[in-house]
Enquirer: 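Let me give you the structure first, and then I'll get to my questions.
Start at 1 and go down the list; that is how both ligands and their atoms are numbered.
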Amino acid sequence: MAFKHWPVVRDVRFALKCGRYLRGARKRRPDLNWDEFHRIARHFKLDDMGSFPERGYLFQLASDLPENAQVIEIGSWMGASTCFIAAGLKGKEAKVFAVDKFQGLSTCGEDAAWYNRHFATLGSNSTLEIFRKNFSDLGLATRAETVISDSLAAARELSVKRGGIDFIFIDGDHSYAACKADILAWAPYVKRGGVIAFHDFGSRADGVTRAIFEETKTGRFAEIVGVAGTIIAFRM
Ligand SMILES: C[S@@+](CC[C@H](N)C(=O)[O-])C[C@H]1O[C@@H](n2cnc3c(N)ncnc32)[C@H](O)[C@@H]1O
């Protein structure tokens, strides 16, 4: 095991990095419940899908939504991003619809290899039970509903929600064609004034960056809400 993965070393690194992030976050947004963010971050100490600024930004975007907000996430994997979003929501009716087949779908070569390595370590070919356990361990289960489906099939299944969603987070298939198809399928679901955000903008996932750029140029999004790490958020 590499030195950085030793439990004590790992915990110290986590405490230092998270503490540094939280000091800045509390100054920037003293109105948000960063203790709740910290609780979720501690639970996902081993998570390698997002940085503190990215996880914090999702938490912030969710915290800024109106009461009982309705959220859709495309690509939930083990539920880390989903939990950070769910933790920021308020109101008994607030909900995140987590769309994923939970089998590491990808038409993007690098990602497929990465998922396969994870599945070999897990000894399973699904992340659904881990997703559910994370939500129940954190006491957030009532805030999430899984939609076990391919993204585009889910868009057809959830069609009654078109125009009624407060926030969509897209972090599914990172190929150009799939990201473009996700934007075309899901953008109409966001209500006017709502937010659509993407992970991996400007990252090694060139297709995601290209698809978002193209759609920005068509005027699909009203304005940029913000950027954190490789997350970019737009207002519709
Ligand atoms: C990068 S992971 C998501 C990570 C998660 N959002 C997080 O930050 O913790 C991408 C996920 O998208 C899912 N995915 C890829 N293509 C998809 C598709 N066409 N429909 C639904 N889910 C898809 C994969 O199964 C995988 O779980």
Enquirer: Look at atom 23 (C) of ligand 1 and find which of Ile148, Ile74, Leu105 reaches it with the closest heavy atom.
Expert: Leu105

Enquirer: Check the side chains of Gln60 and Ser63 for a donor-acceptor pair under 3.5 angstrom, ignoring hydrogens and angles.
Expert: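 Ser63 vs Gln60: no donor-acceptor pair found between side chains.
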
Enquirer: Is the distance between the ring centroids of Phe201 and Phe213 under 6.0 Å?
Expert: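 Between Phe213 and Phe201, which both carry aromatic rings, the centre distance is below 6.0 Å.
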
Enquirer: Could you check atom 21 (C) of ligand 1 against the protein and tell me its nearest heavy-atom contact, residue, atom and distance included?
Expert: Ser151 N, 3.4 Å

Enquirer: Tell me, please, which residues at least two apart from Phe59 pass ring pair (Phe, Tyr, Trp, His ring centres under 6.0 Å).
Expert: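 Residues passing ring pair (Phe, Tyr, Trp, His ring centres under 6.0 Å) with Phe59: Trp34, Phe37.
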
Enquirer: Between Phe102, Trp114, Tyr115, Trp77, flag the one that comes closest to atom 1 (C) of ligand 1 by a heavy atom.
Expert: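 Minimum heavy-atom distance to atom 1 (C) of ligand 1 goes to Tyr115.
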
Enquirer: In terms of heavy-atom contacts, does NZ of Lys180 have more than 12 from other residues, nucleotides or ligands at under 6.0 Å?
Expert: yes

Enquirer: Before signing off on this row, confirm whether Gly104 and ligand 1 have an N or O atom pair separated by under 3.5 Å.
Expert: yes

Enquirer: For atom 12 (O) of ligand 1, what's the nearest protein heavy-atom neighbour? Residue, atom name and distance, please.
Expert: Gly75 CA, 3.2 Å

Enquirer: Mind checking the CG-CG spacing from Asp111 to Asp173? Nearest 0.5 Å is all I need.
Expert: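 Answer for the CG-CG pair, Asp111 versus Asp173, is 7.5 Å.
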
Enquirer: Name the option, out of Thr82, Asp173, Leu58, that contains the heavy atom nearest to atom 16 (N) of ligand 1.
Expert: Asp173

Enquirer: So which heavy atom on Tyr189 is nearest to which on Arg156, and how close?
Expert: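 Shortest heavy-atom separation between Tyr189 and Arg156 comes out as OH-N, 4.3 Å.
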
Enquirer: Does Arg55 reach ligand 1, in the sense of a heavy atom lying below 4.0 Å from it?
Expert: yes

Enquirer: Is the ring pair Tyr21/Phe52 parallel, tilted or perpendicular, if the boundaries are 30 and 60 degrees?
Expert: parallel

Enquirer: Are Ile165 and Trp186 close enough that some pair of their side-chain heavy atoms sits under 4.5 Å apart?
Expert: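 In short, these two side chains do not touch, never coming nearer than 4.5 Å.
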
Enquirer: Could you tell me whether ligand 1 has any atom less than 4.0 Å away from a heavy atom of Gly79?
Expert: no

Enquirer: Report, in ascending order of atom number, the atoms of ligand 1 lying under 4.0 Å from any heavy atom of Ser149.
Expert: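 So the answer, numbered in order with elements, is 21 (C).
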
Enquirer: Give me the residue, atom name and distance of the protein heavy atom closest to atom 13 (C) of ligand 1.
Expert: Asp100 OD2, 3.2 Å

Enquirer: Kindly identify the option in Leu152, Asp171, Leu128, Ile231 whose heavy atom sits closest to atom 6 (N) of ligand 1.
Expert: Asp171

Enquirer: What is the closest protein heavy atom to atom 19 (N) of ligand 1, and at what distance does it sit?
Expert: Asp150 OD1, 2.9 Å

Enquirer: Show the atoms of ligand 1 that are less than 4.0 angstrom away from any heavy atom in Met49.
Expert: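 What qualifies from ligand 1 is 1 (C), 2 (S), 4 (C), 7 (C), 8 (O), 9 (O).
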
Enquirer: Please say whether Ser81 places an N or O atom under 3.5 Å from an N or O atom belonging to ligand 1.
Expert: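 Between Ser81 and ligand 1 (N or O atoms, distance only) the closest approach is under 3.5 Å.
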
Enquirer: Run the contact test for Gly50 against ligand 1 with a 4.0 Å cut-off on heavy atoms, strictly below, and give the result.
Expert: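 Checking ligand 1 against Gly50, which is what was asked, there is no heavy-atom contact under 4.0 Å.
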
Enquirer: Please determine whether residues Phe102 and Phe44 belong to a single hydrophobic cluster, defined as Ile, Leu, Val, Met, Phe, Trp and Tyr linked transitively by side-chain heavy-atom distances below 4.5 Å.
Expert: yes

Enquirer: Run the salt-bridge test on Arg39 and Glu36 with the 4.0 Å N-O cut-off and return the result as yes or no.
Expert: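 Looking at Glu36 together with Arg39, the answer is yes, because their closest N to O distance falls below 4.0 Å.
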
Enquirer: Do ligand 1 and Ser76 have nitrogen or oxygen atoms that lie under 3.5 Å from each other?
Expert: no

Enquirer: Think Lys45 forms a cation-pi with Phe14, using NZ or CZ under 6.0 Å from the six-ring centre and within 45 degrees of its axis?
Expert: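 Geometry flag: set, cation within 6.0 Å and 45°.
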
Enquirer: Taking 4.0 angstrom as the limit and counting only heavy atoms of Ala80, give me the atoms of ligand 1 inside it, by number and element.
Expert: 9 (O)

Enquirer: Test of understanding: given a 4.0 Å heavy-atom threshold, classify the contact between Ser106 and ligand 1 as side chain, backbone, both, or neither.
Expert: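 Under 4.0 Å from ligand 1, Ser106 contributes no heavy atoms.
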
Enquirer: Does only the side chain of His174 get under 4.0 Å from ligand 1, or the backbone, or both, or neither? Count heavy atoms.
Expert: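 His174 to ligand 1: side-chain contact only, backbone stays beyond 4.0 Å.
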
Enquirer: Return the minimal non-hydrogen interatomic distance between Asp182 and Ser151, and the atom names on each side.
Expert: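 For Asp182 versus Ser151, the nearest heavy atoms are OD1-OG, 2.6 Å.
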
